Amino acid sequence: MSAWPTPPPYSLVGKHGVSPDFTHDERARFNFLAQLNTHLAAQVVPGNARAYETRVKPAFEAEHGRAPVDRHEVRKAMLRDSYFQTWSALRRSSMELRQQNGREVVLRQLDKLNAKAAALNHQSPQLKLNPDVAIPAYIRKVDFHCMPGGYTTELAADDVSAAANYDIGVFATTGGGLGCFNDGAGLAVAQWMRSRYPDFNPKRILDMGTGAGHTVTAIAQAFPDSEIISVDVAAPMLRFAHARAKSLGVNNITFMQANAENVPLPDADFDVVLTTIFLHETSNLAIRRIMAETHRLLKPGGLSFHLEQPQYAGLPLFEQFMRDWDALYNNEPFWTRMHEMDIEQLMADAGFQRDKMFQDKAEGILDETIFGKPKSDVEDFGRKAAWHLFGVHK
Ligand SMILES: C[S@@+](CC[C@H](N)C(=O)[O-])C[C@H]1O[C@@H](n2cnc3c(N)ncnc32)[C@H](O)[C@@H]1O
């Protein structure tokens, strides 16, 4: 029996002002994908480790007279294994199916969705779009996680399609693990900030890489007295994120089109500068510029942190190999390099002091409104899932 909670039905996904309508069949496809992804993660993934330990590694050792020395050797050996091939193909297919269903839902009602967003965005001073912002090639040219057109493609005036598609698929790919509003990372970050810094009430917070606004909106709800600026290069994401936040009654975020490598705001403007699930989608050069901007924009005494998957250094080789799957098969070209980086050196190069750096975990939160209360500790997968953070005090 799986220790993971069965995914809740798609009918429990939270509705907001830019939610599309679903037909029965569209919802059924996402239900199928949520079940498939949960089944793959809970029941099928562990078989890869068994295949490695019982078959692949012994065969490698017999051939080479030694164990694999890095994850590349693990990968080359695993690629020939039929169990890994089957799991990997299923996972890739589930990503492609998720995009097909998401795109179908959004594109058949695109005009309606764009109009809903436009009405919520109309003349808002908290949505600052700037068509002169150049989209970096590492964003413009990549269909991240098999998402056709990436984050920036615009199919019509006031387009929000990329973000609407991103938004509706998260529930299926995570089996509901991020909660009914896909904001589990934001809730985890807010809880982490409150527990680590109970007396800290930041006046101004900068979030870089808004996406659909899931995380920053939850942070804004947790810190209602903070003034938050959230920047993204992609206009469709910003239009959607702003409209979604407004419709959820969140009014303390200004969404701004800007490149995080060069944010048009004054030095020492923020008490907190943060990114979530973002840096791995930039580039080797961009991440250095973003760190330099973080240092420039942060007030002395301010806090900066970045939520990502853990760095590879120190992880077992097999885990490194499994974590690298997204780079190789899920259109995440900077993923490998990002997770190989010496992040302390990266922050030091940006001007931060080593003795003020930290790495930490933020505990995940299971949305009991859709999962119900866990019956036992082993069922508590959502809460136990930890988010990794690295950061620094200036
Ligand atoms: C994975 S999404 C971010 C997810 C979001 N932070 C969350 O927690 O839900 C990555 C976003 O970063 C944006 N992005 C990528 N490079 C950027 C850059 N240099 N400056 C600003 N935004 C960027 C993309 O357009 C995309 O919307």
Side-chain angles (χ1 to χ4, degrees), residues 128-130 133-147 149-154 159-171 173-174 177-179 181-190 192 205-220 222 228-242 244-245 253 255-265 273-294 297 305-309 326 330-335 338 362 364 387-389:
K128 297 183 190 299
L129 297 180
N130 178 1
V133 171
I135 311 291
Y138 57 83
I139 285 296
R140 188 168 29 87
K141 293 187 173 173
V142 179
D143 290 358
F144 286 98
H145 24 79
C146 309
M147 189 168 66
Y151 294 110
T152 54
T153 298
E154 304 204 30
D159 191 37
V160 295
S161 59
N165 173 33
Y166 182 102
D167 180 47
I168 61 174
V170 174
F171 195 86
T173 46
T174 60
L178 291 188
F181 282 105
N182 300 326
D183 59 359
L187 297 175
V189 162
W192 174 84
I205 299 175
L206 175 66
D207 165 59
M208 300 195 269
T210 312
H214 298 137
T215 306
V216 71
T217 302
I219 295 172
I228 301 185
I229 311 289
S230 187
V231 302
D232 201 295
V233 276
M237 306 307 284
L238 291 161
R239 289 186 195 106
F240 182 91
H242 175 272
R244 178 182 177 278
I253 315 171
F255 293 91
M256 181 177 171
Q257 191 169 11
N259 187 336
E261 296 172 54
N262 181 18
V263 180
L265 292 170
V273 177
L274 67 95
T275 71
T276 56
I277 327 172
F278 162 65
L279 293 174
H280 67 270
E281 290 187 352
T282 62
S283 77
N284 206 24
L285 180 60
I287 197 170
R288 291 167 200 286
R289 291 180 172 157
I290 291 165
M291 281 298 159
E293 276 299 77
T294 301
L297 291 159
F305 60 86
H306 309 276
L307 181 143
E308 288 289 335
Q309 299 273 318
D326 286 276
N330 201 20
N331 300 9
E332 292 281 7
F334 185 50
W335 181 277
M338 153 80 209
W387 298 94
H388 292 256
L389 299 165

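Note that ligands are numbered from 1 as they come in the structure, with each ligand's atoms numbered from 1 the same way. Keep in mind the model is a prediction, meaning the values are calculated, not measured. The first residue of the sequence shown is numbered 1, and numbering continues consecutively from there.
D159 has its side chain within reach of R239: a pair of non-hydrogen atoms, C-beta onward, lies under 4.5 Å apart. Using a 4.5 Å cut-off on side-chain heavy atoms (C-beta onward), T276 and W387 make no contact. You'll find the side chain of E261 reaches within 4.5 Å of the side chain of I290, heavy atoms only. Using a 4.5 Å heavy-atom threshold, the side chains of M256 and L265 count as touching.
Distance alone, capped at 3.5 Å, places no donor-acceptor pair between the Q257 side chain and the L238 backbone. With E308 contributing its side chain and L279 its backbone, the two residues share a donor-acceptor pair below 3.5 Å.
Taking the six-membered ring where tryptophan is involved, the planes of Y166 and Y151 are tilted, since the angle between them lies from 30° to 60°.
Checked by atom type, the side-chain pair D167/H214 shows a donor-acceptor distance below 3.5 Å.
For ligand 1, the atoms lying closer than 4.0 Å to a non-hydrogen atom of M237 are 27 (O). The contact set between ligand 1 and Y166, taken as ligand atoms under 4.0 Å from a residue heavy atom, comprises 1 (C), 2 (S), 4 (C). Heavy-atom proximity to N259, at under 4.0 Å, picks out these atoms of ligand 1: 18 (C), 19 (N), 20 (N). Below 4.0 Å from some heavy atom of I139 lie the following atoms of ligand 1, by number and element: 15 (C), 16 (N). Residue A258 approaches ligand 1 through these ligand atoms, each under 4.0 Å from one of its heavy atoms: 20 (N), 21 (C). Residue contact check: A234 has heavy atoms under 4.0 Å from atoms 25 (O) of ligand 1. Set against the non-hydrogen atoms of T210, the atoms of ligand 1 under 4.0 Å away are 5 (C), 6 (N).
Considering each of Y138, F278, Y151, the one bringing a non-hydrogen atom nearest atom 14 (N) of ligand 1 is F278. Across the listed options V216, L274, D232, L307, D232 owns the non-hydrogen atom lying nearest to atom 27 (O) of ligand 1. Around atom 10 (C) of ligand 1, the closest heavy atom drawn from M256, E281, R289, E332 belongs to E281.
Considering backbone and side-chain N/O of H145, none are found under 3.5 Å from N/O of ligand 1. Of the N or O atoms in P136, none lie within a sub-3.5 Å distance of an N or O in ligand 1.
Using a 4.0 angstrom heavy-atom cutoff, G150 does not count as in contact with ligand 1. Ligand 1 does not have F144 within reach: every non-hydrogen atom of the residue lies 4.0 Å or more from it.
The two residues Y138 and F144 make their nearest non-hydrogen contact at O-CZ, 3.4 Å. When all heavy atoms are compared, the tightest approach of I253 to S230 is CG2-CB, 3.9 Å. Summarising the geometry of A188 relative to A362, their closest heavy-atom pair is O-CB, 3.9 Å, with the distance given to 0.1 Å.
For atom 7 (C) of ligand 1, the nearest protein heavy atom (residue, atom name, distance) is T215 OG1, 3.2 Å. Closest protein heavy atom to atom 22 (N) of ligand 1: V233 N, 3.2 Å. The protein atom (non-hydrogen) at minimum distance from atom 20 (N) of ligand 1 is A260 N, 2.8 Å. Counting protein heavy atoms only, atom 3 (C) of ligand 1 is closest to G209 O, 3.3 Å.
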